[in-house]
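See structure below.
First listed ligand is number 1; within each ligand, the first listed atom is number 1. Values in this document were obtained by computation on a predicted structure and should not be read as measured data.
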Amino acid sequence: MTEVAPFPDELRDWAAGLREQFPIITANPGSAYLDSAATAQKPRAVLDAATRYLTGENANAGRGTYTWANRTTARIDQARDRVRGFLADPDPARSGVDFVSGTTEGLRAVALDWLPGWLRDGDEIIVPYADHSANLVPWLDAVAVLARQGVRVTVHALPYDAAHDYDYARLATLITSRTRFIAATHVHHVYGGDMNVHRMRAAAGPDVVICLDAAQGAGHLPLSVTELDVDFVVFSGHKAMALPGTGVVWSRNRRGPRFAPGGWSGTPNTAGIVSLVAALDWLDAAGTDRIARWTVALAARLTDGLRGLDPYEMLGCQTSLAADSPVQQRHGIVTLRHRDIGSNDLGFILAGEGLMVRSDDHCQSPQGERTTSVRVSLHVYNTVDEVDRLLAVLTGLSSY
Ligand code: PLP
């Protein structure tokens, strides 16, 4: 029996107040934005911070001797500390924060600028074959680069269990004295599950470097590197309510060589980084623990409503979708298919009803889903009414 937790009604006023802070949402009352896993909407505080910076003291960083330039340089340094604070970094003097364009570029930088210096001939790595391609392709590229240099690295697939969580028991059996690196994901971008990476270190042992793709976790639930003994955290600012083109690589720098992305990086995305600081301030003030309770509860409402509707198939964990599940929680992402309506068609039908969802293959790696699906992804600005509206349209299509 699946437990159904009571809806957290005490959060309704709080979420409604936050929703008012999103100009694009309040300007479009007839539409429901249900695609936050692709990119999140921005609260007024973030937009204002970027505008204030661009209209007040926009300059390049690390160049120039005048006030605007010096202040921009200082802002970027302060932004590094802000990221450390957001991640509850226990050792800020040692860690690194590098700004990149997003998760894809950040994971590539770890793969191509850092990993080859850590791996030796005969080493093994474990990477996820059913997560986002951005968290698979770079690791395979790095192994190919090393192979051309005569360094052979064995790649194992990170195992999953039936609920689409990582299979930590099987993972432990894959670890050998040559295992040096594991790439994992915080929240799955298709199945929506918290991948329970707090269990990763115990399975991996003390010396393995763990790199976390937090693209769907940052801003959605608490993300503490004090609690998660991982070595890299990579996320995209635009999915965490900052402007596009801003991403973060946080590096613990305790295992292996220090992370130092190669090459001349040129002008940083100064306005984007300013917006990221404002976004992290906003998220911390709202409270990522409360945001998580809200989106988990909305997703549970959606899955509870869909469960009885015959033509729909929900992807991912089927047995523990409710908000208080001790097993696995969906952080605001519910992906589905209709038995008779193609996912692209379903996406168009929903768009016609003002319901903005994503329908395609969601950039999943080769062990992922074979056919397209419709992904509904929620954030703190979504409402119970929006979920019920979606459910009403889906119910109307159930006897199609
Ligand atoms: N990793 C995951 C889990 C994602 O969901 C995404 C984007 O959807 C990415 C990586 C890539 O993020 P970006 O396109 O911002 O680089």
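- Under a 4.0 Å heavy-atom criterion, H238 is in contact with ligand 1.
- For W282 and F86, the ring centers sit 6.0 Å or farther from each other.
- When only non-hydrogen protein atoms are considered, atom 5 (O) of ligand 1 lies nearest to Q216 NE2, 2.7 Å.
- Of the protein's non-hydrogen atoms, H132 CD2, 3.3 Å is the one closest to atom 4 (C) of ligand 1.
- Centroid-to-centroid, the aromatic rings of W139 and F181 come within less than 6.0 Å.
- Of all the listed residues (G102, S236, G245), S236 holds the heavy atom that lies closest to atom 13 (P) of ligand 1.
- In the vicinity of H189, heavy-atom distances shorter than 4.0 Å reach the ligand 1 atoms 3 (C), 5 (O).
- Considering W250, W114, F232 in turn, F232 is the only one that fulfils the ring pair (Phe, Tyr, Trp, His ring centres under 6.0 Å) rule with F259.
- No salt bridge links R301 with D304; every basic N to acidic carboxylate O contact stays at or beyond 4.0 Å.
- For atom 16 (O) of ligand 1, the nearest non-hydrogen atom from the set T246, T104, D131 belongs to T104.
- Below 4.0 Å from some heavy atom of K239 lie the following atoms of ligand 1, by number and element: 6 (C), 7 (C), 8 (O), 12 (O), 15 (O).
- Electrostatic pairing of R52 and E57 does not count as a salt bridge here, judged by no charged N lying under 4.0 Å from a carboxylate O.
- Checked by distance only, ligand 1 and D213 come closer than 3.5 Å through their nitrogen or oxygen atoms.
- R254 has no carboxylate O lying under 4.0 Å from a charged side-chain N of D91, or vice versa, which leaves the two without a salt bridge.
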